[in-house]
Amino acid sequence: MDDTNSLIQQRRDKLKALNEAGVDPFKNFAKPTHGCGAAREMFERGDLKEGDRVLIAGRITAHRDMGKSQFIDLKDVSGRIQVYAQKQELEKRGPTQFEIFKQLDLADFIAAEGTLFRTRTGEPSVKLESFVILSKALRPPPAKWEGLADPEIRYRQRYLDLISSDEVKATFLKRSMIVREIRAFFHERGYVEVETPMMQAIPGGAAAQPFKTHHNALGCEFYLRIALELYLKRLLVGGIDKVFEIGRNFRNEGLSRRHNPEFTMLEAYEAYGDYATMMETVESLVKRIAERVVGKLVLGRTLAVEPVRRLLEDALNSPQAAFGPGSLWGRLEAEQAERFAFLQSLLTLAPETVTFAEVAKARAICVEFKQWYKELHPDWNQQASLPVQIQAFNRLERALRPYSESEIDLNVWNKPRYRDLVRQAVSEMTEGLFPDWFALSPEDRKNVAVNQLGLGGDIAAAYEDFEVTGAVFEKLVEPTLIQPTFVTHLPKQLVPLAKLDPNDPTSVEVFECCINGQEISPGYSEQNDPVAQREALEHQAGGEQQKLDEDFLAALEHGMPPAGGIGIGIDRLCMMLLGQESIRDVILFPQLRPKV
RNA sequence: GGGUUGGUAGCUCAGCGGUAGAGCAGCGGCCUUUUAAGCCGUUGGUCCAGGGUUCAAAUCCCUGCCAACCCA
C-alpha cells in the first residue's frame, strides 16, 4: 500500500508540473448539468439534441489518442459518455489547454463542458470546449479489460473492485434498492421503524457467541448484540404494535461463504398476528422485492462448481468407492462404464463449462447405479440394514440436488411440516427400510443417523435426541430446499421463544423459510406467557443465571400482546435474489484478517 | 482448527533447477471521428517473508504471513 513504483512517481511528477503551471488539480466545482450516462441516454432518446450544451463531471476510464484528436470516456454513477477533444478547439480557450489535456491520466476526475454530437461511428459524444481537473489520481487504476481478479484486493480495496466492475457495482446498488423496498413495504403496512441497542449487558435472542467489549466510564462489560429480538418485544409491551428494525448483528464465530461476523438482520413483529400472518408477510415481501429490484419472479442461480467437484471426487476416489472399476462391481458393463466415464469427465472439465444440466445427469446416474446394484444383489435388503453402496449412491444423489436446479421460482411457496420432511428424507435415503423416523427409539435414531445416513461426522456422542433429528434436517433436508419453502412446526426444543402448537405440544408454531438451500427467515407465533418463557430461557441458559435477561422477563410479566415475528438475514436474501454464491459478494467490506 | 490451491511488473498471467517473460497500462514518436483504436520504439521486478538443499533456486524442501475453496 505504501509502495512507490514508477507509475506512481510519474503521476506525482505530473501533479507537480500542474501545480507549477498554476493549475489546481483538486478544484471544487459547481454542479454538473447532466450525469454522464444520463446525458448519453437523453441524447439517445431525443430529450437532448445535437448541439445542446452539457456540463458533465466524472472519472476518465479510457483514453484513445489520435494525435490532434483525443477521445476519453468519462464515467459517473449514471454511466459513461465519450468526450472528443480537438487541438484547434481547445486552444481557443488557452494555448496550453490541449497540452494539459494530453497530460490527463486514466482515473483522473475532470469536469467537461461542450456540445452533444455523434461521431462518424454513431457514438454519442461531447465535443469538448473547456475542462477543469477536479481530482488528480496518484495511483494507476486496475487494467480496464481484465479487471480485478485477485479476491483479496477486491475485498480489501473494494473501491477498486467497484471502479473496474460494473457488475459488482450493480450488485451493490441493487442491495441498496432491496433495503429500500423492505423499508417501504413495512412502512406501507403501518410498521414503525426503530433502533435498539447494539451494546447489551446480556446478549439475548439467539444462541451464538458474542463479541465482548468494555465501557470505561461505566466500568462494565458489554456485548455486541447477536439478535434484535428481546428489545423489539419490549416495544410490543410498550404498545408499538407493529415494529421493525434493520440493523447489524455480530456473532463471534467462523467465517465462510455464508457467514460474516457482522451481518444485517431485519426483524419485524406484529401484535395480534401469528406465524401464519408472518408467512404471508415474508412471501409478499420477497415477491415484491424480486419484482421491483430484479424485475422477475423466476430467478437464475449460479452453479458453485467446487463443491460439486469435491462430492464427485470423494464418491469416485474414496477407498470404498461404490462406482467404477475395482469397486464392488467386479466388472463394468459397457453402459455402466459410459456413465462412470461421464462422472469422471466432470472432474476434468473447465469450471465454466460445467452446467446445472450435467449435475442433473450425474444425479440420474446415481439412481441408475443404484438400480443396477439392486438387480445384481436381489437380496440387498435382507439385513434390514442398507448396503454401503446404496448409501453412497443415495448420499451423492441428494448432495448433488442443490447444484442441479438452475432457477428459483418465487411463484410457488410450499408449507411442509418439519417432521414430514425429515421422515421423507430418511425413508428415501434408506430405500424405505425406515419409513417412520419418529417411530424409532431415540437410540435407534442415533444409530441409523450414524450408520445408515452417513451423519457420523455431524453427530456428537452427547447429542440429545432432538439434535440428532436436527442434524438430519440440517444436512439432508435444508440444502435441498432450493424452491421457496416454509418448513413449519419445529420441535419445541429448537425454538425457546415461540408458542407451543395447541394440537401438538411437542412442536411450536414456527416456520423456517428456506430458499436457495439456506434458511432465509425464521418466523414464530411469539411466546408471550412469562412463566413458560422463563422456563424455556432457563433451560436454554443451562443453569447460568447471569445469562438470563431478567428485565426482558419482567417486561413480559407486564403483558405482551400475542404477536407474530420474523427475522430475515438481509445478506442471504441478497445472495439469493442477486445470484451470488458468497456472502462476501453482497457485503461491501467483508471481514478479513487485518494486514500487517 | 484440518485439507487443497494460490501469492512473479500497476493489472491479468506464463515460466517450475541454468541470463526475469508476455499482453494490457505507462513513457517517447506518427496519425483531426476513435472506442479493448492502430503502427514504431521503450521503461518498469525485494519472483509474499525467512531459513535450508545445490556449483546454481522464482522453480526443490521447511517454517511463517495473506487469500480462495472444501471440511469441522
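All chains are named by letter (A, B, ...) in the order of the sequence lines, taking the proteins before the strands, and each is independently numbered beginning at 1.
With both pairing distances under 3.5 Å, B:U33 is matched to nothing as a Watson-Crick or G-U wobble pair. Pairing of B:A14, defined by two Watson-Crick or G-U wobble distances under 3.5 Å, is not identified with any nucleotide. Base pairing of B:G50 is made with B:C62, judged by Watson-Crick or G-U wobble geometry with both donor-acceptor distances under 3.5 Å. Using Watson-Crick or G-U wobble geometry with both donor-acceptor distances under 3.5 Å, B:U42 finds its partner in B:G26. The partner of B:U4 is B:A68, by the rule that a Watson-Crick or G-U pair needs both atom distances under 3.5 Å.
Among the heavy atoms of the strands lying under 4.0 Å from A:R257 are primed sugar atoms or P, OP1, OP2 only; no base atom is included. As judged by a 4.0 angstrom heavy-atom cut-off over every strand, A:E306 is placed among residues touching the sugar-phosphate backbone only. Nucleic acid contact class of A:R584 (heavy atoms, under 4.0 Å, all strands): sugar-phosphate only.
Comparing the P positions of B:A25 and B:U35 gives a spacing of 13 Å, expressed to the nearest Å. Atom P of B:A20 sits at a distance of 11 Å from the matching atom of B:A57, rounded to the whole Å. Using atom C1' as the reference point in both B:A58 and B:G15, the two lie 9 Å apart (nearest Å). The gap from the P atom of B:C55 to that of B:A68 amounts to 41 Å, rounded to the nearest Å. The C1' atoms of B:G7 and B:U59 are separated by 14 Å, rounded to the nearest whole Å. For B:U42 and B:C24, the P atoms lie 14 Å apart once the distance is rounded to whole Å.
A:Q424 and A:E428 are linked by a side-chain donor-acceptor pair at a separation below 3.5 angstrom, with hydrogens and angles left out of the test.
Between A:F356 and A:Y403, the ring center distance fails the sub-6.0 Å criterion. Aromatic ring centres of A:Y223 and A:F250 lie farther apart than the 6.0 Å criterion allows.
Shown for residues 464-482 of chain A: no residue has heavy atoms falling under 4.0 angstrom of RNA chain B. For RNA chain B, the residues of residues 116-126 of chain A within the heavy-atom distance limit of 4.0 Å (strictly under) are A:F117, A:T119, A:R120, A:T121, A:E123, sorted by number. A heavy atom closer than 4.0 Å to some atom of RNA chain B occurs in A:G457, A:D458, these being the qualifying members of residues 447-461 of chain A.
In terms of phosphate contacts, A:R156 brings a side-chain nitrogen or oxygen within less than 4.0 Å of OP1 or OP2 of B:A67. Put simply, A:K14 has a side-chain N or O that comes within less than 4.0 Å of OP1 or OP2 on B:C27. The phosphate of B:A67 (OP1 or OP2) has a side-chain N or O of A:R593 nearer than 4.0 angstrom. Between A:R80 and B:U35 there is no side-chain polar atom (N or O) within less than 4.0 angstrom of OP1 or OP2.
A:R53 pairs by the salt bridge (charged side-chain N to carboxylate O under 4.0 Å, His left out) definition with A:E113, A:E129, not counting sequence neighbours. Under the rule for a ring-ring contact (aromatic ring centres under 6.0 Å, His included), the partners of A:F473 that lie at least two apart in sequence or sit in another chain are A:Y418.
Ion pair A:R80/A:E123 flagged as a salt bridge, since at least one NZ, NE, NH1 or NH2 atom sits closer than 4.0 Å to an Asp/Glu carboxylate oxygen.
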**Request:** Do nucleotides 20-25 of chain B as a string where each nucleotide becomes B, S or -: B if the base has a protein heavy atom under 4.0 Å, S if just the sugar-phosphate does, - if no protein is that close.
**Result:** ---B-S
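A:H63 and A:F101 have perpendicular rings, their planes meeting at more than 60° on a 0 to 90° scale where under 30° would count as parallel.
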